[in-house]
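Within every chain, numbering begins at 1; the chains are lettered A, B, ... in the order of the sequence lines, protein sequences first and strands thereafter. Values reported hereafter were calculated over all heavy atoms of this structure, with side chains retained and with hydrogens, waters and symmetry mates removed.
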Amino acid sequence: MFALCDCNNFYASAERLFRPELQGKPIVVLSNNDGCVIARSEEAKACGIRMGDPEFLVRDLIKKFQINVFSSNYVLYGDMSERVMHQLGRWFPRLDVYSIDEAFGWLGGINNLNSYVPKIRTAVVQNTGIPVSIGVAPTKTLAKLANKLAKKYNGVLVLDTDEKIASAVKDFPVHDLWGVGRQYYKKFEALKIETVAQLREMPEMWFKQNMTIMGQRMYNELWGRPAIPLDEIREATKGITVSRSFRNYIESPEILSEALTLYASRLAEKLRAQGLRCMYLQVFLYTNKNREDHPQHFPSHTHKLLIASNSTTDLVSIAVKVAQKLFKYGIKYRKAGVIATGLIPESELQLNIFSDHDGGKKDTVSAVLDKLNLAYGRGTLRMATEGFEKKWRLKHEYLSKGYTTRWSDIIKVI
DNA sequence: TCTGGGGTCCTAGGACCC
DNA sequence: TCTGGGGTCCTAGGACCC
């Protein structure tokens with residue numbers, strides 16, 4: 001049996017944990033750039049705020065109901081996530097951390113699930129302050145479904161018989177099913193398929209033909225035959241991305257270079273932190289697709305390096321050069337990013353006879369950079385092309401403190 | 001005026017190799 | 001008139017996830 005444990009309204013719950021006076025009050029958390037709503041407390045949901053709503057469209061609601069607004073504080077959420085996962089690890093022989101606020105646990109060999117599982121929930125809430133819901137079923141897909149239903153009950157739902165599964169899928173809307181997005185939902189809608197019970201009565205071939213191999217897996221999972229295994233040890237990541245929207249449109253190549261310098265620097269830091277180098281560096285630019293009156297431009301280019309690298313100077317110079325080629329005058333760019341792929345462990349560096357390997361000088365420079373920035377704060381030492389004004393940088397007006405990760409922000413009990 | 005960021009997997013086609 | 005089979009790498013796009 002699989003369990004899916006999911007933190008309730010995770011970001012909102014994490015913010016509220018350190019502001020106990022907000023207990024019972026509506027809270028929303030905004031995406032980067034304070035763009036749209038990405039988490040809501042139950043109270044905020046009741047005020048009519050929907051997931052993904054742009055902040056400027058719900059500003060009136062926020063004012064009217066005095067909703068507490070937070071910019072996203074990923075350092076805080078990351079730290080709280082680690083605590084929750086650590087607690088879960090004590091209860092499951094095998095744990096597959098699926099996202100910042102979710103994990104699949106394996107419950108093989110455990111009897112009395114109906115008394116065991118509620119204990120997990122109680123322990124996590126007690127030891128971390130974060131409320132969780134747990135759904136249990138024979139497959140991951142059904143465990144996700146059970147989890148959604150659990151939120152409506154007492155936070156726990158165990159589907160351990162065919163009868164319980166049948167009754168759970170009976171009225172469960174297909175668009176809430178794991179693996180069903182907008183496109184697949186359209187197909188179902190056309191066939192008047194509204195519930196999961198109706199969906200799983202379709203022939204297996206139909207799934208395969210209409211939803212590729214993913215659909216075939218879904219079919220088996222819905223009938224209680226596991227097709228998606230527990231993924232305990234995450235395989236090495238395939239790519240690492242750093243991308244951000246700009247606060248204002250960028251229309252000049254010089255300003256674009258500043259942004260790309262920062263993004264590529266962050267990317268190099270991420271690579272070094274994970275002990276990786278990349279063979280390919282992809283650069284992309286986006287315009288605002290929500291503005292039909294703006295000319296659109298979504299250029300992208302992948303550059304192949306001669307030698308795999310994670311050096312800030314290498315990646316910055318490539319990113320800036322590529323971006324200059326992609327850039328066109330007269331276009332309003334609102335987002336850019338860099339993606340590192342072809343990742344190899346630092347220790348497996350392959351040299352190229354045609355290139356001028358520097359014998360590790362760049363590695364030394366990078367190491368000094370990391371050391372200084374760790375000691376004195378990120379950005380203490382940086383590339384000059386990053387600029388000084390940075391008018392394009394993110395907006396986060398409602399940022400909470402680093403309650404668990406900064407000495408100066410730790411809560412004082414007086 | 002203002003609409004996130006970071007991922008995964010699958011499919012298909014073209015270039016190139018032997 | 002009729003021109004192989006099998007493979008890799010890369011790109012691009014589409015679908016999905018949180």
Side-chain angles (χ1 to χ4, degrees), chain A residues 4-11 28-39 50-60 62 69-74 77-78 81 96-104 140-141 144 147-148 174-187 208-218 227-229 231 234-249 263 266-267 270 274 279-280 282 284 286-294 298-304 332 334-343 394-397:
Chain A
L4 189 265
C5 314
D6 166 293
C7 303
N8 301 346
N9 315 325
F10 182 48
Y11 297 169
V28 295
V29 178
L30 302 179
S31 62
N32 267 331
N33 237 8
D34 293 342
C36 40
V37 175
I38 52 168
R50 287 164 309 179
M51 191 67 173
D53 276 346
E55 183 269 342
F56 71 96
L57 289 182
V58 293
R59 211 167 277 162
D60 290 344
I62 288 172
V69 179
F70 292 89
S71 302
S72 12
N73 182 344
Y74 288 104
Y77 312 149
S81 172
D96 166 3
V97 177
Y98 179 64
S99 75
I100 194 163
D101 70 334
E102 275 180 52
F104 288 101
K140 279 185 163 183
T141 304
K144 286 281 285 189
N147 176 277
K148 284 214 175 170
V174 270
H175 59 255
D176 283 342
L177 184 65
W178 193 41
V180 176
R182 216 186 277 135
Q183 300 305 316
Y184 287 154
Y185 182 59
K186 263 191 216 159
K187 287 190 181 185
K208 201 177 174 184
Q209 281 164 359
N210 288 277
M211 307 166 69
T212 75
I213 198 167
M214 311 292 279
Q216 200 173 17
R217 275 178 213 156
M218 179 183 286
I228 307 173
D231 192 4
R234 289 263 155 241
E235 291 208 7
T237 53
K238 308 241 158 72
I240 299 177
T241 306
V242 174
S243 75
R244 297 277 181 284
S245 298
F246 313 127
R247 179 187 283 241
N248 308 112
Y249 293 119
Y263 300 172
R266 287 286 301 120
L267 184 65
K270 279 189 176 184
Q274 296 186 39
M279 257 330 279
Y280 301 93
Q282 186 183 349
F284 64 86
Y286 281 176
T287 42
N288 186 350
K289 61 180 184 302
N290 294 307
R291 288 293 298 261
E292 285 173 16
D293 53 329
H294 288 180
F298 303 95
S300 127
H301 183 259
T302 306
H303 177 97
K304 183 171 186 187
K332 294 175 189 296
R334 81 167 314 261
K335 180 177 176 172
V338 282
I339 307 174
T341 53
L343 306 181
L394 286 183
K395 194 162 86 175
H396 42 235
E397 285 173 13

Taking only N and O in the side chain of [X], is any of them less than 4.0 Å away from OP1 or OP2 of [N]?
{"X": "A:K335", "N": "B:dT3", "result": "no"}
{"X": "A:R291", "N": "B:dT1", "result": "no"}
{"X": "A:Y74", "N": "B:dG6", "result": "no"}
{"X": "A:T212", "N": "C:dA15", "result": "no"}
{"X": "A:T241", "N": "B:dG5", "result": "no"}
{"X": "A:R217", "N": "B:dC10", "result": "yes"}
{"X": "A:K238", "N": "B:dC9", "result": "yes"}
{"X": "A:S99", "N": "C:dC17", "result": "no"}

Any base atoms under 4.0 Å from [X], or only sugar-phosphate, or nothing? Heavy atoms, all strands.
{"X": "A:Y249", "result": "sugar-phosphate"}
{"X": "A:I228", "result": "nothing"}
{"X": "A:M211", "result": "nothing"}
{"X": "A:K187", "result": "nothing"}
{"X": "A:T302", "result": "sugar-phosphate"}

Between [X] and [Y], is the ring centre distance below 6.0 Å?
{"X": "A:H294", "Y": "A:Y249", "result": "yes"}
{"X": "A:Y11", "Y": "A:Y74", "result": "yes"}
{"X": "A:W178", "Y": "A:Y184", "result": "no"}

- [ ] Keeping the roles fixed (side chain from A:S245, backbone from A:K335), state whether a donor-acceptor pair exists under 3.5 Å.
- [x]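 Pair absent, no side-chain N/O of A:S245 close to backbone of A:K335.
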Task: d(CG, A:D101; C1', B:dG6) in whole Å - done: 14 Å
Task: Atom-pair distance (CD on A:Q183; C1' on C:dC16), nearest Å - done: 10 Å
- [ ] Hunt down the Watson-Crick or G-U wobble partner of B:dC18, both distances under 3.5 Å, from any strand shown, or write none.
- [x]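 Partner of B:dC18: C:dG5.
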Task: Test item: side-chain donor near acceptor, A:Q282 and A:T341, under 3.5 Å - done: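 Judged by distance alone, the side chains do not pair up.
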Open item on the list: When the C1' atoms of B:dG4 and C:dC17 are compared, how many Å lie between them, rounded to an integer?
Closed with: 15 Å
